[in-house]
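Have a look at the structure below before the remarks.
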Amino acid sequence: MPPPRLVLPPPAVDPGGGLRRSYLRLVALSSTLRHLDQLLAVSLASGHYALDPAPATALLLRYSSLRAPPRHLLRLFRAFPRPDRFLRNALLRSLPSLRPHLLFPSPDSFSFAFAATSLSSSCSSRGNDAAAARTLHGLSVAAGYASDTFVASALAKLYFKLSRVHDARKVFDAVPSPDTILWNTLLAGLPGSEALDAFVRMVEAGRARPDSTTLASSLRAAAEASHMAMGRCVHGYGVKCGLAEHEHVVTGLMSLYSKCGDMDSAQFLFDRMEDPDLVAYNALISGYSVNGMVESSVELFKELAASGWRPNSSTLVAVIPVYSPFGHELLAQCLHAFVVKVRLDADALVSTAMTTLYCRLNDMESARSIFDAMPEKTMESWNAMISGYAQNGLTEMAVALFQLMQELNVQPNPTTISSTLSACAQLGALSLGKWVHRIITKENLELNVYVMTALIDMYVKCGSIAEARSIFDRMDNKNVVSWNAMISGYGLHGQGAEALKLYKGMLDACILPTSSTFLSVLYACSHGGLVDEGQKVFRVMTNEYRISPGIEHCTCMVDILGRAGKLNEALDLISEFPQSAIGPGVWGALLSACTVHKNSDLAKLASQKLFELDSENAGYYVLLCNLYTSKKHYSEAAVVRQEAKNRKLVKTPGCTLIEIGDKPHVFMAADRFHPQSEAIYSYLEKLTAKMIEAGYQPVTEAALYDVEEEEKEHMVKVHSEKLAIAFGLLSTEPGTEIRIIKNLRVCLDCHNATKFISKVTQRLIVVRDASRFHHFRDGVCSCGDYW
DNA sequence: TTAGGGTTAG
């Protein structure tokens, strides 16, 4: 139902306009809504200003600044039969959501600037706001304001707020000669390193003079990018232009220095400030806290309280790191006491900081309860919670929370998407990953480097290496992480040669390889059996790039040599490693190589080291036991098994996941819980017969000699991957590829069996096990039986 | 009578 129209009496005469001026003054002085209502009533009753939009504009703006409901503003506006552009613009400035029809007829640059500003001050992350921003942008371009600096900075800020960096840049680029404020808008919205690039371009262009705001933003960017050299340049520039003493610039410098651990410089700057404000205090307190200077942090906090400033939520966030070592409960108590003492409202900032902290402490329940208690969740709080789940391995929870966001029509930003994709990658759930990809496309969400790289990683880990590569090839500006993701993807899928080719391509593109790059390449060499290449890359890394090998590089090297049977060379190499790099991983790699090459002497040495370093891991006992069994050293095998039993070590039960359509199905060894269990087992029997016809030999009883009765029974049981594959074959059309995910490494018999299955059924079978991918096609596995 | 940008903290 439309709101009722106010009935206006005819206008009265006001010679000279004296009455009008006093009326406008009264409006400006009103401090309550009731006061304004009375003024409105007076003017209506007397018949003044019925057709005069100026007093109405003043009233409307005053109502708006006193937070009158939008309904009320609209009603006032509609009471005027002939609103002029000032009145229309005032309404645009005051309404929280865009009403495009209010722009017409003949919108001016004020209209667009007002509308954009009001949208960005009210926009949450609802999906509709992005659409409204695009509408507004389109209309402003159509009206000829694409190069207006005022409109552009308001629009750019709006896009930044909606996490649409591309669109903000587009707005900026459309302006031929940006002024200082437009540059500043860009600098404030861009992520650290990009903002620093923009600062350089601004200075080089030389058409707009940087001011204190420019420098403050650039220092923020330098701190974010941990780019001390650029930070010093900005500082120097500030000194040259006489802007270095500006309060915001000094605060930015303090934060830069404390980010880089130089608390002396930060403190020096603070001490020189004549009258430091709350932000400056917060910056220094935070610097002390994150650098572990607890006493200084607390001292300065006391000084702050004594100086008359009232701490705000940023102050609280700045001291949180000081309290964090006390553990969860004490932390909560300390913070509560803090909040009570300074009569502080714990707002979204504090809740998000607490959520992040609990996530870091691995206490996901506390994190979630704080998150759930937030009445208005911010983008940052959603992201903190989702990435907390993803990083703590609670991948299903991460995806579930993302689904909740979708249901609530909260638009995700690139950070949300990256975290969710990382959860999908860990899960290996291709259908979920594709669903997220579809959302990106459908909602036209921003595809930045982080999102594209997360997509590559997701497709790699969900088994679609081809899809990952096609995304990689479509990327305009790949960073080193994107290259690493793709290289390690080839490694994971056993395509060592492709990985090396890409590594060379990366060097040709003048991208500086990092420690992770070398790890990915070495990993690819190990999974592809490329021994010489691996050794060469390792030498290049240490000699040419001066990167000292970490635990994982060393483990990879032992793996590479060990798999090739060069066990003694591997042992020699271990003695050359830095002591810090020799952990369970290195000896574990040697032990698995020993079991493959049946060297029980070295295996004994490796396992002795392992039992010292990591005595609680059942996997090593299993490896050693299997080695002894295969060499028919049954008594030694029995000793190892008894030892494992004495220590009450339990093997992780194996399970396998397969997705049919969008539905996941999980199988355990020998389980009969699946509703189609009967059909699966009878199909598997028929299949085994065909496989045996083709030459398959199941693990024979002889190999199981000496296994205790109970275990023997267990070992002849059907492993979970066979069940999953059989179910997959039953439930899909001939020719469809089968993808399964196993939580442990695939066993010898299953690996062999899968080769035969791929041959007799003519299907491509992709298996992701705990360490890599196997692509089985026509009786051959991509790993070359080398895993 | 009506514009656009900033420092700390998640």
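This is a predicted model, so every value here is computed, not measured. Side chains included, hydrogens not; waters and symmetry mates left out as well; all remaining heavy atoms used. Letters A, B, ... are given to chains in the order of the sequence lines, protein chains preceding strands, and every chain is numbered from 1.
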Results of side-chain hydrogen bond (donor to acceptor under 3.5 Å, both in side chains) for A:S111 - residues two or more places apart only
A:N89, A:D108
Residue-level proximity of residues 270-279 of chain A to DNA chain B when a heavy atom falls under 4.0 Å
A:V279
Inter- and intrachain pairs under salt bridge (Lys or Arg N to Asp or Glu O under 4.0 Å), touching residues 228-244 of chain A, at least two apart:
none
Output the residues of residues 87-105 of chain A in contact with DNA chain B, where contact means a heavy atom of the residue under 4.0 Å from an atom of the strand; sort by number or write none.
A:N89, A:R93
Test of understanding: with side-chain hydrogen bond (donor to acceptor under 3.5 Å, both in side chains), list the residues that count as partners of A:T251, not counting sequence neighbours.
none
Side-chain donor-acceptor contacts of residues 252-260 of chain A below 3.5 Å, not counting sequence neighbours, with atom names and distances?
from   : atom 1 : to     : atom 2 : distance (Å)
A:S258 : OG     : A:M254 : O      : 2.8
A:S258 : OG     : A:S255 : O      : 3.3
A:K259 : NZ     : A:A223 : O      : 2.8

Looking across every strand, which nucleic acid part, if any, lies under 4.0 Å from A:S109 by heavy atom: base, sugar-phosphate, or nothing?
base
Applied to residues 190-207 of chain A, the salt bridge (Lys or Arg N to Asp or Glu O under 4.0 Å) test, sequence neighbours excluded, yields A:R169-A:E194
Check: residues 138-149 of chain A side-chain donor-acceptor pairs under 3.5 Å, at least two apart:
from   : atom 1 : to     : atom 2 : distance (Å)
A:S140 : OG     : A:H137 : O      : 2.8
A:D148 : OD1    : A:F150 : N      : 2.8
A:D148 : OD1    : A:V151 : N      : 3.0

Student check: side-chain heavy atoms of A:T180 and A:M202 closer than 4.5 Å:
yes
Go through residues 286-300 of chain A and report each residue with a non-hydrogen atom lying under 4.0 Å from DNA chain B, sorted by number.
A:S286
With sequence neighbours excluded, tell me which residues meet side-chain hydrogen bond (donor to acceptor under 3.5 Å, both in side chains) with A:S94.
A:S64
For A:Y237, give me all partners under side-chain hydrogen bond (donor to acceptor under 3.5 Å, both in side chains), at least two apart in sequence or on another chain.
none
Residues which pass side chain to side chain contact (heavy atoms under 4.5 Å, CB included) with A:L243, listed by chain and number, not counting sequence neighbours
A:S212, A:L215, A:C241
